[in-house]
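Accompanying notes for the structure given below.
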There are 4 protein chains.
Amino acid sequence: MIDRILSATAQVLAEKGYAGLSTNRVAAAAGVSIGSLYRYFADKNELIEQLRARSSADVLADLTGALTAAVTMPARDGVHHILSVLVHAVQRHRAVTTAMIAEAPLGAHGNILPEVERQLAQMTRLFVAVHAPGLDPLEADARIHLAMGVTLNACLRIALDPPPGVTEDRLISLTADLLVLGLVPDL
Amino acid sequence: MIDRILSATAQVLAEKGYAGLSTNRVAAAAGVSIGSLYRYFADKNELIEQLRARSSADVLADLTGALTAAVTMPARDGVHHILSVLVHAVQRHRAVTTAMIAEAPLGAHGNILPEVERQLAQMTRLFVAVHAPGLDPLEADARIHLAMGVTLNACLRIALDPPPGVTEDRLISLTADLLVLGLVPDL
Amino acid sequence: MIDRILSATAQVLAEKGYAGLSTNRVAAAAGVSIGSLYRYFADKNELIEQLRARSSADVLADLTGALTAAVTMPARDGVHHILSVLVHAVQRHRAVTTAMIAEAPLGAHGNILPEVERQLAQMTRLFVAVHAPGLDPLEADARIHLAMGVTLNACLRIALDPPPGVTEDRLISLTADLLVLGLVPDL
Amino acid sequence: MIDRILSATAQVLAEKGYAGLSTNRVAAAAGVSIGSLYRYFADKNELIEQLRARSSADVLADLTGALTAAVTMPARDGVHHILSVLVHAVQRHRAVTTAMIAEAPLGAHGNILPEVERQLAQMTRLFVAVHAPGLDPLEADARIHLAMGVTLNACLRIALDPPPGVTEDRLISLTADLLVLGLVPDL
DNA sequence: GATGAATGAGGTTTCATTCAT
DNA sequence: AATGAATGAAACCTCATTCAT
């Protein structure tokens, strides 16, 4: 039932946008009474939050796999792989991601994929520690913060609003180059 | 009158957030009747859209100045200058920008600063043409699209959600390095 | 408009009881849109509170007159007069009083007629000071507190739930006797 | 089971107040399914009514004892004893009584303690017949009706909302004096 | 008997928008 | 042009009650 309602939420989000997302509409779309919806979700916020969490968890699962695989690759290839996986994960959740990023009042729900950013940042810190051990920690943090922004933003752009005439892979490659250069300039 | 209403809109946005932005509240804050508000703005959407446009235009004015000045500088310095100006412009409009980015359903109003991105992209195309004349046009467009994402996202992050422990200037420098490297790798 | 809504509230209260008092019902009974109701009353509570206040003020007006008149009468006659006026005032507001006393969650709105009790208590304190100057103040307060209960309770019983076979006037007389005896035992 | 549910009702009433009293909450507090609650009580009203009846019966038991004891006492002492017992009984049921008097729509459930009033009235009639045999029956009824109001009201006031600075016993004494005077003026 | 998931009418409240003045 | 009282659709949410298991 919870799943049915969450899926209905995603569907309403896709069809009517965030502004058109009402609990009644969701209940109707789920073929469930409004009372039942409130049996499983304390309020509208929790509904949205859980949808976000579900998408986040799903993307996170992919990311974890990609990170594991990336460890054994040359740096640039690893970054490319991770980006590629992220782009596809975002595309798979296009409906939710679009609505949540492009339409939801972000302030209300924090960043869309905070867990993803956190995990990615952690892994990146490790990567930097290994490949550029001499880097000042503060400096490293600054670069990582920057890199996180670049990564997530690029993935979203590539997945949801790609420029015409270029392959997705080329865009990912460019981004990977940029990240490796930016993170470990002396490589 | 239009200006008074738009300023009131910005003020309400700053004080009550996007969720607290109601046409009646705006009219009251502007010292204008709600009827008058609807004489000048077809509906709430238009009100928001025009506020966005006004902020965008304001930032654009700064940007144009920065671009003009940047032309005569060494590439990296020019990029740094532009970023710096953008960061401060965003900070100056913090209230509106925050509310619009962090709270407004962006989908309803397109990107926050589309004119800024367009102008920046145009200028960047010129820059690339000069400094890397051999670059394939499609390839150039891909890089520029990527760079636009990096630039705007970085400026917003630096202006609105900076990481602790690093100076703003260091962040801008890092971003400038990244952009120059990414755009004209052979420099 | 405020008056129309308050009167409609009283009417709904009389017809449907406190439990049946909904803002929508009140608006409909007043021939007013629900939006208008909320223009004049912040919420349901304020609506009820203002109705109570209005009835209270009305009763209070009568009471003030009765107190003034009572001053020049012999004690027992004065008390009788006051009781009589109160009984009739309550009867005049039967609908509201009944609903508010018998049905409203009193806790939500304090005592029904706090202003009436306060004014009556004040006057009584004066009366006691004059007629029984030797009485210990604490003792006097206890008697007054008791007398207030007796007075209001008796008035409500006489007005709203009189026993059969006895005239209202007889009941009032009995109550007056009781009060005088109880308040100033040495008279 | 019935008892468990009624006790849970009292507990919820004490903790959440009348407005917070929902059948689901009661069932949960009783550790019973909502379905079971509805097997034993036709609807919410019956639940409340039976709780009232239970409290009433409990107070009644005390009252009966007090009346028996009072028979052998001098009039004033007997009245004092009865009042004292009532005050303490009300205090013992403070939670329920408060919620029912101060919050419940009384109209929905009649007077809080009708059985108590009835028994007390009966006993009082007897008392009056003995101590003032010459009194006209109608006149007697009027006095008794009045006395019932005074008695119950005073007990509630003393038990639940006593004035500061006076002992409970003093208040009871005053009330007893008043009642004896009022009922049998020629004593 | 017991369960508790499911129902849905109905409650309070907000707010974009209109229109008579 | 300006006003602002009035509107009413629609949002979120509660809770008494039912009924298949």
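Sequence lines set the chain letters: A, B, ... in the order given, protein chains first and strands last, and positions in each chain run from 1.
- When rounded to the nearest whole Å, the span between OH of Tyr38(C) and P of dC15(E) equals 13 Å.
- Residues Leu152(A) and Asn153(B) fail the side-chain proximity criterion, which asks for heavy atoms closer than 4.5 Å.
- A 3.5 Å limit on both hydrogen-bonding distances identifies dA2(F) as the Watson-Crick or G-U partner of dT21(E).
- As judged by a 4.0 angstrom heavy-atom cut-off over every strand, Asp43(C) is placed among residues touching the sugar-phosphate backbone only.
- Distance CG (Asn24(C)) to P (dA9(E)): 15 Å, rounded to an integer number of Å.
- Closest-nucleotide positions on DNA chain F for Met1(C) and Gly35(A) were compared, and the one nearer the 5' end corresponds to Met1(C).
- Within 4.0 Å (heavy atoms only), Leu37(D) reaches no atom of the nucleic acid at all.
- Note on Arg52(A) versus Glu115(A): salt bridge recorded, some NZ/NE/NH1/NH2 to OD/OE distance being below 4.0 Å.
- Here the straight-line distance linking atom CZ of Arg25(B) with atom CD1 of Ile34(B) works out to 12.5 Å at 0.5 Å rounding.
- If you take atom P in dT21(F) and the same atom in dG1(E), they sit 22 Å apart, rounded to whole Å.
- In terms of phosphate contacts, Thr23(D) brings no side-chain nitrogen or oxygen within less than 4.0 Å of OP1 or OP2 of dC15(F).
- In this structure a side-chain-to-backbone donor-acceptor pair under 3.5 Å is present from Asp43(D) to Glu46(D).
- One can place CD1 of Ile2(D) at 11 Å from P of dG1(E), the figure rounded to the nearest angstrom.
- Straight-line distance from the CD1 atom of Ile34(D) to the P atom of dT18(F): 11 Å, rounded to whole Å.
- Distance Ile5(B) CD1 to dT3(F) C1': 13 Å, rounded to the nearest Å.
- Sequence order on DNA chain E of the closest nucleotides to Ser33(A) and Ser22(C) puts Ser33(A) first from the 5' end.
- Here Leu47(C) lies out of heavy-atom contact (under 4.0 Å) with every strand.
- Closest to the side chain of Lys44(C), out of dT17(E), dA6(E), dT12(E), is dT12(E).
- Note that the OH atom of Tyr38(B) and the NZ atom of Lys44(B) stand 8.5 Å from one another [nearest 0.5 Å].
- Position along DNA chain E of the nearest nucleotide to Ser36(D) versus Gly20(C) favours Ser36(D) as the more 5'-ward residue.
- What separates NZ of Lys16(C) from P of dG11(E) is a distance of 10 Å, to the nearest Å.
- Counting non-hydrogen atoms under 4.0 angstrom, Tyr40(B) reaches the backbone sugars and phosphates but no base.
- Atom OH of Tyr18(B) is separated from atom P of dC15(E) by 12 Å (rounded to the nearest Å).
- Between Leu21(D) atom CG and dC15(F) atom C1' there is a gap of 11 Å when expressed in whole angstrom units.
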